Amino acid sequence: MRDPIFEEEQRHLTRTYEQLLAMEQSLSARAGNLAQKVPQEKQKIREDLTLNFDSGTDSMETYIEFEVMNHVIDQYNIESETIAEQLSRVRRLLKAPYFARVSLLFDGESEAEDYYIGSAAAAENGVRHLVIDWRSPIAETYYNQENGRTSYEADGRRIEVDLKLRRQFTLERDRLLSYFDTQIAIEDPLLLASLSESRTDKMQAITATIQREQNEVIRYPDARALLVNGIAGSGKTSVLMQRIAYLFFRQRRSLRPDQVYLMTLNPLFRRYIDEVLPDLGEQNPNILTYREFLDSAGVPGPLKTDRAEDAARTEQPDAVQEAQTLRMIDEHLPHLVLEQEDFLPVCQKDVQVLSPRQIAAAARQFDQIPTGVRLIQILLDELEERARVILKRRLREENAEQGTDAGAGDPGALQEGAGRREERTGRREENRIRNDFGGAFSQIRNCAWLNIDRIGEKLLNRPELTRTEWFYLKMALTGECDRNARYVMVDEVQDYSLAQMMLLKRYFPNARFMLLGDAFQAIRPGRVRFAELHELFADKGIRELPMLTSYRSSPEITELFTGLLPAEQKVLVSSVQRPGRVPELYLAAGRREHAALLRACAAGRKGDSPSDGRSDSRNDVRETVRQEGGLTAVICADKESLQNVRQILDREAQENEGFSFTVLKSSSHLPESGTVLLELSLAKGLEFDRVIIPDADADHYGADTLSRHRLYTAISRAVREITLLADRNAAPLLADRFTSVP
């Protein structure tokens with residue numbers, strides 16, 4: 001049946017695509033011409049350049065020619081970079097020129113204006129917009145998701161408009177596949193189509209499907225501290241990546257990627273998100289785990305007893321004591337008296353320049369100043385001067401023994417006066433000292449002469465410090481920090497300790513913080529509470545934003561994991577996914593039956609109910625994971641459980657040629673499809689089409705709060721299907737969640 005709207009939109013798409021193609025051809029030609037022209041111009045400049053230093057005037061003219069040459073080269077570089085950026089943007093749009101259209105009626109106008117919204121902007125002749133960037137102010141009208149009277153903010157002004165049309169498109173290059181006119185998120189066909197796609201090894205940008213709740217976070221005013229408290233599957237990490245892209249767009253001329261830090265849980269998750277920003281035309285910021293952050297800051301370790309990292313492995317709440325230790329450092333450090341054993345020698349290779357005794361003698365001159373940043377900075381300058389005096393004396397003694405001086409061999413030295421000769425000698429001595437003993441001066445400037453371990457032992461009355469305590473103490477002494485950082489984003493903040501957050505806040509004193517997490521996904525004891533975050537960032541005026549809509553899991557799975565939430569929290573949660581399969585809990589009568597259940601579920605066999613323990617691995621295959629595609633995850637509560645499950649799946653892989661699986665570690669790459677086996681701690685932030693929890697029993701998940709959080713986290717990784725297996729006794733928190741247990 002003929003659809004006039006479809007035909008009209010197809011014609012518009014064809015025109016836009018042709019214009020983009022023409023822009024690509026023009027930019028490619030300019031880039032090619034520039035690539036040929038630049039080497040020729042550089043060669044011509046070099047040939048025309050006259051090097052003449054015969055007189056002061058000649059030298060000045062030569063330097064001016066150098067400056068002109070550099071300026072010309074800089075202009076070529078700028079032009080080349082601009083063309084490359086424009087070409088990249090146009091090529092990105094050629095894959096799908098836009099995803100939405102809004103028709104806006106401005107006050108005082110009689111006809112509505114159309115704006116097509118895409119992942120980047122493109123303008124015809126640099127004037128008329130073909131496509132507007134999703135981050136532009138006017139695009140906010142699309143994300144407001146309400147037809148009728150709405151507004152957007154541009155250049156500090158609130159502009160009121162009537163949204164007459166909000167249309168979404170599914171495009172493939174120059175082909176219009178479908179369009180939808182929608183108003184609210186729950187009726188969003190583009191969103192539902194996106195959510196129904198199989199999960200892959202990489203997180204995808206959600207630009208076309210950003211919902212109103214998410215858009216409020218992405219475009220939130222530039223707060224000094226923002227806490228996003230979102231339930232599992234609400235898109236917190238996706239929103240975070242879009243927020244970074246939005247900040248880069250709005251601060252294009254002033255914000256650089258190296259000024260933004262994104263703290264993530266593990267290298268596996270970093271690889272999962274590392275293509276989102278490049279796909280949006282932006283560079284990735286500094287993406288680090290906490291351990292990598294400490295490594296990059298030069299923190300030694302791991303030390304013999306690193307309680308903070310042991311806590312992550314053994315789940316002992318030592319992180320609570322660690323925060324108390326940092327407070328003790330702040331309280332008691334000013335009253336500490338530094339002594340000889342608190343210092344280390346300053347050396348250049350095997351040559352000692354300053355001994356601990358000499359450093360202690362220098363420190364005693366300033367014993368009226370409390371121990372801290374001011375004292376260390378004063379002492380640093382004093383040590384540099386003392387080292388310089390000592391090294392000059394040594395140099396002169398060496399020259400005297402050899403019968404030489406710094407000015408020997410210089411014909412001009414005899415004609416100089418004594419003062420001039422002494423000045424030249426001093427410069428030569430200084431240059432030689434800097435060249436021969438640069439390492440020693442670097443040690444002084446970097447405060448490597450401070451014995452942090454000894455100072456910590458004396459201050460805290462115990463022999464060893466964690467890496468967090470060690471670095472915090474060093475910062476309290478030296479003032480070390482990064483004042484250049486503008487933004488620090490912490491994903492899965494509920495998995496950090498209060499001490500770690502205290503350290504990050506101190507190390508990035510000028511940064512704005514965005515913290516994202518889910519209090520109910522805190523799966524280890526001693527982690528930071530959201531109330532503590534409010535207290536810690538109170539001086540920055542912290543704001544908290546909720547995200548209570550689940551976009552990840554089917555309503556059935558959402559109902560299962562939100563059933564573990566407090567009643568008052570559960571009633572606020574909603575899911576927009578289409579209905580899916582009912583979650584299954586299988587109860588085995590022993591280890592052998594449990595192994596058979598696990599093998600059948602992992603291989604995707606849905607024939608005879610596996611609960612009777614008699615189904616054969618080759619009988620009655622109804623469907624397979626391979627046919628459905630996507631990712632299946634077998635998520636184990638701990639390392640011991642993973643080893644047991646691995647043995648069972650190894651046997652299935654040996655006997656079933658059609659089945660294989662990958663054991664994920666922190667250093668792994670997430671595969672595009674298939675079956676993976678991993679610990680719960682590594683599954684944080686990831687999502688899978690199907691999830692199997694093989695140890696949903698009372699031994700691994702009790703009735704306590706921590707078990708509630710761990711089950712909530714494990715179940716909420718599933719998008720379409722969740723299967724839980726238990727050996728004999730199901731987890732108490734699950735027993736009343738199923739009307740019957742097979």
Side-chain angles (χ1 to χ4, degrees), residues 1-30 85-106 109-148 150 152 159 161-185 187-194 196-197 204-210 279-281:
M1 182 177 178
R2 183 173 177 270
D3 184 344
I5 296 178
F6 187 96
E7 293 176 357
E8 178 188 351
E9 292 292 359
Q10 177 62 68
R11 286 193 294 271
H12 180 273
L13 173 60
T14 300
R15 289 194 302 272
T16 302
Y17 192 82
E18 289 173 350
Q19 289 169 308
L20 289 171
L21 275 177
M23 292 171 63
E24 182 200 26
Q25 293 169 0
S26 174
L27 289 167
S28 296
R30 287 176 59 192
E85 182 182 350
Q86 293 173 342
L87 191 57
S88 173
R89 190 162 61 240
V90 169
R91 285 172 174 167
R92 197 160 68 248
L93 287 175
L94 283 171
K95 297 176 182 178
Y98 45 79
F99 56 80
R101 165 190 166 189
V102 291
S103 295
L104 303 177
L105 181 62
F106 292 85
E109 300 291 334
S110 58
E111 293 185 4
E113 294 185 30
D114 292 334
Y115 296 90
Y116 287 81
I117 304 170
S119 62
E124 186 181 17
N125 300 322
V127 178
R128 190 178 74 83
H129 285 286
L130 295 176
V131 184
I132 63 171
D133 194 293
W134 68 275
R135 296 164 289 187
S136 65
I138 205 167
E140 189 173 356
T141 59
Y142 168 76
Y143 294 114
N144 286 342
Q145 296 180 325
E146 289 183 359
N147 283 11
T150 186
Y152 66 94
I159 300 174
V161 295
D162 279 326
L163 177 60
K164 296 297 186 181
L165 177 70
R166 180 178 181 270
R167 181 167 290 166
Q168 298 175 322
F169 303 100
T170 303
L171 309 180
E172 186 177 297
R173 303 187 73 83
D174 61 344
R175 291 178 57 235
L176 173 61
L177 304 181
S178 59
Y179 74 91
F180 318 97
D181 291 345
T182 62
Q183 295 187 34
I184 57 177
E187 297 174 354
D188 193 332
L190 198 62
L191 171 67
L192 295 176
S194 172
S196 66
E197 295 176 356
Q204 305 298 311
I206 61 169
T207 309
T209 60
I210 294 170
D279 285 346
L280 293 172

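Remember, predicted model here, so these are calculated numbers, not experimental data.
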(Q) So that I know where these two stand, are H12 and Y98 an aromatic pair - ring centroids less than 6.0 Å apart? (A) yes
Partners of [X] by side chain to side chain contact (heavy atoms under 4.5 Å, CB included), sequence neighbours excluded?
| X | answer |
| --- | --- |
| Q10 | L13, T14, L176 |
| E113 | F106, Y115 |
| L177 | T170, E172, R175 |

When rounded to the nearest 0.5 angstrom, what distance separates [atom1] in [X] from [atom2] in [Y]?
| X | Y | atom1 | atom2 | answer |
| --- | --- | --- | --- | --- |
| E140 | I210 | CD | CD1 | 11.0 Å |
| L280 | R92 | CG | CZ | 7.0 Å |
| L27 | R91 | CG | CZ | 8.5 Å |
| T16 | D174 | OG1 | CG | 11.0 Å |

Using modelled atom types only, decide if a donor and an acceptor are shared between the side chain of [X] and the backbone of [Y] within a distance under 3.5 Å.
| X | Y | value |
| --- | --- | --- |
| T141 | I138 | yes |
| D162 | K164 | no |
| R89 | A121 | yes |

Q. Stepwise, does the side-chain contact (heavy atoms from CB on, under 4.5 Å) test hold for M23 with L21?
A. CA-CA 5 Å; M23 292 171 63; L21 275 177; over 6 Å; no
(Q) I'd like to know whether I117 forms a side-chain contact (heavy atoms from CB on, under 4.5 Å) with R101, so could you lay out the CA-CA distance, the side-chain angles of the two residues, the decisive distance to 0.1 Å, and finally the verdict. (A) CA-CA 6 Å; I117 304 170; R101 165 190 166 189; over 6 Å; no
Got [X] and [Y] here, is their nearest side-chain heavy-atom distance under 4.5 Å?
| X | Y | answer |
| --- | --- | --- |
| I132 | Y142 | no |
| F99 | L171 | no |
| L130 | R128 | yes |
| N144 | Y152 | no |
| Q86 | S26 | no |

For the residue pair [X] and [Y], what are the closest heavy atoms and their distance?
| X | Y | result |
| --- | --- | --- |
| A112 | L105 | N-CD1, 3.9 Å |
| A120 | D133 | CA-OD2, 3.5 Å |
| L20 | P97 | CD1-CB, 3.8 Å |

